[in-house]
Amino acid sequence: MEAAARRRRPRRQQEEQEQQEQEEERRRRRRPPAAPGTQRGGPLVQPRPGPAMVDGTSRSAPFHLDLWFYFTLQNWVLDFGRPIAMIVFPLEWFPLNKPSVGDYFHMAYNLITPFLLLKLIERSPKTLPRALVYVSVITFIMGASIHLVGDSVNHRLIFSGYQHHLTVRENPIIKNLKPETLIDSFELLYYYDEHLGHSMWYIPFFLLLFMYFTGCFTPISEESRMPGAALLLVGPSSLYYWYLVTEGQIFLLFLFTFFAMTALVTHQKRKGLSLDSNGLFLFYSFVLTLVLVALWVGWLWNDPTLRKKYPGVIYVPEPWAFYTLHVIGQH
């Protein structure tokens with residue numbers, strides 16, 4: 001009797017196991033098909049936690065002190081300091097028929113700035129459109145490279161007597177060139193430098209900053225304040241943007257970006273969202289930049305020579321035009 005019971009027990013366990021497998025198979029068939037890019041255990045690509053999780057924003061990123069510091073430092077050294085280095089370093093070290101020290105600064109800027117912008121985009125809690133980011137970075141590099149060539153020649157012409165506060169045809173060293181088609185070539189060079197190069201350089205630059213700005217919102221009020229390090233960086237950052245807007249002649253582009261940022265802040269406030277520390281840093285930098293540009297324009301409002309070079313409603317003189325007119329011209 002006991003032996004027969006032991007023989008029946010494995011058979012009963014086998015039947016129960018087969019029933020469990022059949023039940024599991026029926027459950028598996030009733031499940032909906034998995035969405036593309038997912039597995040039974042979960043998605044292949046886990047969504048990055050951040051503002052996109054709750055109405056576009058949930059928890060903000062900490063203040064990116066390292067990136068903002070490097071960004072501000074390299075802007076001051078490699079962009080603002082570029083033409084100054086061309087004047088300070090002896091001409092014998094960098095002959096006029098060779099790249100100047102400022103050109104090497106510009107090359108470094110063309111490499112470092114896109115890298116920092118990509119790192120900034122990577123740290124955004126919001127998932128941004130990759131295709132648009134890549135196209136913007138490529139266009140930025142193309143525009144900055146075009147500007148590198150045109151700006152190099154234009155600044156080297158200063159050593160030959162070129163005056164930035166005058167138009168190309170009014171410059172004494174150019175207006176008497178023969179044949180006159182050479183003047184057209186210099187105007188083409190000026191177009192590549194000041195118009196095409198600046199447009200392809202600055203439009204994607206501000207577009208990338210604005211895309212990053214769209215992810216700088218948080219529902220947590222305690223996160224809507226800047227640390228002390230951010231307050232210290234606002235001044236140098238705003239002063240550089242003032243130089244960028246005035247020397248690059250991109251006031252309308254800057255103003256459009258600022259208005260878009262202001263409209264976005266107003267829209268997000270209605271949803272109960274506020275700027276985080278990174279968003280506040282960028283927004284306050286733009287506010288102070290606008291104040292500096294207004295002071296600059298007001299100071300030079302009645303300058304007749306600069307008024308002649310910058311006619312029209314938008315009057316924003318370039319710092320280097322002021323330098324060649326009022327600094328070099330007095331010596």
Side-chain angles (χ1 to χ4, degrees), residues 78-110 139-204 243-253 300 303-331:
L78 300 180
D79 192 17
F80 180 79
R82 172 171 45 86
I84 298 175
M86 294 171 64
I87 296 175
V88 171
F89 280 81
L91 191 61
E92 295 78 15
W93 295 6
F94 302 94
L96 292 177
N97 61 344
K98 301 293 182 181
S100 69
V101 63
D103 297 339
Y104 294 112
F105 277 33
H106 207 318
M107 294 175 196
Y109 175 90
N110 292 2
T139 308
F140 172 91
I141 296 173
M142 289 178 60
S145 300
I146 291 173
H147 180 267
L148 164 62
V149 178
D151 196 63
S152 174
V153 176
N154 282 334
H155 277 285
R156 303 293 260 178
L157 287 173
I158 294 178
F159 296 102
S160 301
Y162 187 84
Q163 301 177 33
H164 276 282
H165 61 278
L166 299 176
T167 63
V168 174
R169 289 189 176 271
E170 291 176 345
N171 261 273
I173 67 169
I174 290 180
K175 65 181 181 181
N176 295 323
L177 287 177
K178 299 297 180 181
E180 291 188 3
T181 51
L182 285 175
I183 303 178
D184 295 332
S185 299
F186 276 100
E187 285 187 325
L188 176 62
L189 179 68
Y190 183 85
Y191 172 79
Y192 272 110
D193 176 17
E194 298 294 331
H195 297 284
L196 183 62
H198 281 186
S199 297
M200 295 180 66
W201 178 1
Y202 295 130
I203 290 177
Y243 172 77
L244 197 69
V245 171
T246 54
E247 185 65 28
Q249 292 294 284
I250 53 169
F251 179 71
L252 286 179
L253 173 62
L300 300 174
D303 192 298
T305 306
L306 294 176
R307 270 287 182 180
K308 185 177 180 182
K309 182 177 181 181
Y310 305 100
V313 179
I314 306 300
Y315 170 70
V316 183
E318 298 174 69
W320 277 101
F322 172 82
Y323 174 78
T324 59
L325 174 63
H326 294 289
V327 179
I328 295 181
Q330 294 179 357
H331 295 284

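The residues of the chain are indexed from 1 along the displayed sequence. Just so you know, these numbers use all the heavy atoms, side chains as well, and skip hydrogens, waters and symmetry mates.
- Counting heavy atoms from C-beta on, the side chains of Y310 and Q249 come closer than 4.5 Å.
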- Task: Step by step, work out the side-chain contact (heavy atoms from CB on, under 4.5 Å) result for L300 and Y315.
- Result: CA-CA 9 Å; L300 300 174; Y315 170 70; 3.8 Å; yes
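- Here the side chain of R156 pairs a donor or acceptor atom with the backbone of P95 at under 3.5 angstrom.
- Residues D151 and P83 fail the side-chain proximity criterion, which asks for heavy atoms closer than 4.5 Å.
- Using a 4.5 Å heavy-atom cutoff, the side chains of R169 and F186 are not in contact.
- Using a 4.5 Å cut-off on side-chain heavy atoms (C-beta onward), D193 and H198 make contact.
- For the atom pair L252 CG and I314 CD1, the distance stands at 4.5 Å (nearest 0.5 Å).
- L78 has its side chain out of reach of Y104: every pair of non-hydrogen atoms, C-beta onward, lies at least 4.5 Å apart.
- In this pair, H106 and H147 present their aromatic rings tilted. The plane angle is within the 30 to 60° band.
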- Kindly indicate, with the supporting measurements, whether the criterion side-chain contact (heavy atoms from CB on, under 4.5 Å) is fulfilled by I146 and W201. CA-CA 9 Å; I146 291 173; W201 178 1; over 6 Å; no
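- Within a 6.0 Å sphere centred on OH of Y192, heavy atoms belonging to other residues, nucleotides or ligands number 12 at most.
- Note that CG of D303 is 4.0 Å distant from NE2 of H326, once rounded to the nearest 0.5 Å.
- Heavy-atom minimum distance, A144 versus N110: CB-OD1, 3.3 Å.
- Remark: side-chain polar atoms of Y243 are not paired, donor with acceptor, to backbone N or O of P319 under 3.5 angstrom.
- Side-chain contact check for D79 versus L244: some heavy-atom pair is nearer than 4.5 Å.
- How far CZ of F251 is from OG1 of T246: 11.0 Å, rounded to the nearest 0.5 Å.
- Annotation: the span from L166 atom CG to L306 atom CG amounts to 10.0 Å, rounded to 0.5 Å.
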- Item | Worked verdict on S145 versus I141 for side-chain contact (heavy atoms from CB on, under 4.5 Å) | CA-CA 6 Å; S145 300; I141 296 173; 4.1 Å; yes
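- Nearest heavy atom pair, residue S199 against residue P204, reads O-CD, 3.7 Å.
- Nearest approach of E318 to Y190, heavy atoms of both residues: OE2-OH, 4.4 Å.
- Side-chain atoms of I87 and Y323, non-hydrogen and from C-beta on, do get closer than 4.5 Å to each other.
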- Message: Test side-chain contact (heavy atoms from CB on, under 4.5 Å) on Y162 and V168; report intermediate values, then the result.
- Response: CA-CA 9 Å; Y162 187 84; V168 174; 3.7 Å; yes
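- Crowding of M142 atom CE: a count of heavy atoms from other residues, nucleotides or ligands under 6.0 Å not exceeding 12.
- To the nearest 0.5 Å, the span separating OG1 on T167 from CD on E187 amounts to 7.5 Å.
- Counting heavy atoms from C-beta on, the side chains of S100 and D103 come closer than 4.5 Å.
- How far CG of N171 is from CD1 of I183: 10.5 Å, rounded to the nearest 0.5 Å.
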